[in-house]
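Below is one structure; the comments refer to it alone.
Fair warning: this is a prediction, and the values are worked out from it, not measured in the lab. Order of the sequence lines fixes the chain letters, A, B, ..., with proteins taken first and strands second; residue numbering starts at 1 for each chain.
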Protein chains: 2
Amino acid sequence: MPRGPKGVTINDVAARAGVSLSTVSRALNGNPTVDPALVARVQQAAAELEYTASPVARSLVLGRTQTVAVVVPDLGNPTFQAILRGLSRAAAADDYHVLVADSAESVDEERALAATTRRRTDGVILCAPRMPQAELDRLVGGLRPVVLVNRSSDDVPAVRADYRSALTDELDLLYALGHRSMVFLSGVARSVANTSRLEAIAAFAASHPDVAIEELPCGVDFDAGAASADAVISSGATAALAFNDLVAMGLLSAVQAAGCRVPDDLSVVGFDDIPFARYTSPPLTTATVPAAQLGAQAWARMRGLLEGEAPRDPLWLRPELVARGTTGPRGPAAGGVAADSGDAETNEFD
Amino acid sequence: MPRGPKGVTINDVAARAGVSLSTVSRALNGNPTVDPALVARVQQAAAELEYTASPVARSLVLGRTQTVAVVVPDLGNPTFQAILRGLSRAAAADDYHVLVADSAESVDEERALAATTRRRTDGVILCAPRMPQAELDRLVGGLRPVVLVNRSSDDVPAVRADYRSALTDELDLLYALGHRSMVFLSGVARSVANTSRLEAIAAFAASHPDVAIEELPCGVDFDAGAASADAVISSGATAALAFNDLVAMGLLSAVQAAGCRVPDDLSVVGFDDIPFARYTSPPLTTATVPAAQLGAQAWARMRGLLEGEAPRDPLWLRPELVARGTTGPRGPAAGGVAADSGDAETNEFD
DNA sequence: CTGTTAGCGCGTTCAA
DNA sequence: TTGAACGCGCTAACAG
């Protein structure tokens, strides 16, 4: 008789098929050393009883849960949503389940969640953009197998968006359009994403002495972008690179409200290619981070680890530049409505 | 010695503390019938060994996993993302984990995933907007405990957004502004969300004989809304209700491009209050579905079930009307640019 | 108050 | 080829 009121166990199947429970186990797991006639009897008995082996019991005996954990800083962030989506579908295709944990942007939570969820899964995919490198290095040791998203650590597989190349692409575009005075609206100061953009800018500036790029501390959302409009206009720059699309859209909206024409007076580029980027007026030039692919590839790496492969080098996915309507040639009235044209003085912030 | 290379077991702790494994179990689980001195010794031994009880083994013996499953049709959909986020955080606050499954909009997958994930969790929160009612009724029987989101079934707790009231609020607003000829851009024909909107419209039309509301089969995304612009304009309606914000934004963009002024020539309302709704030009009037609260409440219901409470009545969360810039009084030139004013003939579709 | 024992449901040796 | 017995790691009865 079934032990629990809800669950039929392997013993019930064994009894109904008139065999021992080990035969049931073997038959149902495709062990070839079983009489085909018995296999059929077992399968029928299992079907009649709607039997399915308990995943928990199997996990205990097999030492694997068919589940991986995904730790993200914020499920409300479209980028992590896309990563989760790509990851979830790829894992499901391999009959794996996904446990999600939202660290609410807290590094402490990230660490704790990674450790906790790891214990009930076969591995963890970690998105920890804010965690200090030393702490990350220490943490991943006890987490293996682990795959990092947009971070790296020794001997740990990672999938990364190549923000730096992407921003360089944007800079190249603006340069080709004749822009020589630009501003960069930066995001969270010490974040990886922001740092890599800054690196791209520094490298670009070094190789293009005729270009002035001013950094304007800004933020990561629409309102931050809108609030930077005055500063952008008065900077005299003819092009603005926003940390992301939200910032770009805020900036776009505010500068247009101030009478500045885009792209005639000011070119604007964003980052991420969020769904609405193509629907602004004019449509936003941006770079698309292949977040869903990032997730799918993160799973591919994790599966490799689970199958015993050696960790490979980090995979860098290069975002694609999407040139739309907010970028144009540096116009005759370059400099915007409220500033004089040409090379404005630049102040550097950190 | 530890059985596996990675895991230290309860036996190791017992040995180190010089007690039996049951004492360790009791001490670590806060069983009061343990000598305080021993508790301290056990805790120290556990700390030194960094011991944590295996969640899988506990799950097997306790019959509960501390995990719930969430099945959604599409992790790419902002509404489900918000639900998941609210749910995840609420569950985490109660030390529960969340297993997510994306059914990729397939009803078959929904059914299969619900059953599969249920076996490795303590219950499932099901978002299955497209599943036929009869199938849903049948499915939930074998899933208990289960909580439904935006669906109902006998004796099953549910949390629902009151689309009907929300749409009625929008209709009331438009009516108060003087609009008497409207169009509704409908979404997926047989979906619950669409049906409830249609019900609201039918009820409103019945109680307001002076109003004509035409249904225009449309779709659920930006492009669908844009593609409906001509039909909306030629309908002669002075106000358009879009199935959701994406549709509204597409419509808004396209009618404006056609020279139609919003809200002077046409009022537009959306649904959902997605993040960008407040940033369109003019800002979109819409109704906000409290998706994150829906998720949090879904967890609250699930927790109730897990604690043995009796299923309560469905919880209806009423979306809030957000009146912004796309709605205005019916103007003197009512009817739009390319149509005559007044009561246009209405064709009804399904 | 503590230790010993019996399962939780399964996969997998070991004999037969 | 099949069945009996063991153990995965833990909690909860049962004795002491």
What contact category does [X] fall into here, base, sugar-phosphate, or nothing, at under 4.0 angstrom with non-hydrogen atoms?
| X | result |
| --- | --- |
| B:Val19 | sugar-phosphate |
| B:Ser54 | sugar-phosphate |
| A:Ile10 | sugar-phosphate |
| A:Leu60 | base |

Between atom [atom1] in [X] and atom [atom2] in [N], what is the gap in whole Å?
| X | N | atom1 | atom2 | value |
| --- | --- | --- | --- | --- |
| A:Asn31 | D:dT1 | CG | P | 10 Å |
| A:Leu38 | D:dT1 | CG | P | 11 Å |
| B:Asp12 | D:dG9 | CG | P | 9 Å |
| A:Arg120 | D:dG9 | CZ | C1' | 14 Å |
| B:Asn11 | D:dT11 | CG | P | 11 Å |
| B:Arg41 | C:dG3 | CZ | P | 9 Å |
| A:Arg64 | D:dG9 | CZ | P | 15 Å |
| A:Gln66 | C:dC10 | CD | P | 16 Å |

Any donor-acceptor N or O pair under 3.5 Å, side chains A:Ser152, A:Arg160: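 Their side chains do contain a donor-acceptor pair, which is all the 3.5 Å distance test asks for.
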Value rounded to 0.5 Å, distance of CG in A:Asn150 from CH2 in A:Trp316: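 Here the interatomic distance stands at 8.0 Å.
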Among D:dT2, C:dG9, D:dT11, the nucleotide that comes nearest once only the side chain of A:Thr9 is considered: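 For A:Thr9, the side-chain atoms sit closest to C:dG9.
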Out of D:dT2, C:dG11, C:dC10, whichever nucleotide has its closest atom nearest the side chain of A:Asp35: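 Between D:dT2, C:dG11, C:dC10, the one nearest the side chain of A:Asp35 would be D:dT2.
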Along DNA chain D (nearest heavy atom to each residue), the more 5'-positioned of A:Val34 and A:Leu21: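 Nearest-nucleotide comparison on DNA chain D picks A:Val34.
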Phosphate-side-chain proximity, [X] and [N], N/O vs OP1/OP2 below 4.0 Å:
| X | N | answer |
| --- | --- | --- |
| B:Arg26 | D:dT11 | no |
| B:Asn29 | D:dT11 | yes |
| A:Ser20 | D:dG3 | yes |
| B:Thr23 | C:dG3 | yes |

Chi angles and distances behind the side-chain contact (heavy atoms from CB on, under 4.5 Å) call for A:Arg130, A:Val188: CA-CA 9 Å; A:Arg130 301 269 223 295; A:Val188 177; 4.2 Å; yes
Salt bridge A:Arg89-B:Asp74, side-chain N to carboxylate O under 4.0 Å: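 Salt bridge present between A:Arg89 and B:Asp74.
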Minimum heavy-atom distance between A:Asp102 and A:Leu75, given as atom pair plus value: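 Result for this residue pair: OD2-N, 3.0 Å.
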Earlier contact from the 5' end, DNA chain C, for B:Val61 and A:Ser25: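 Result: B:Val61.
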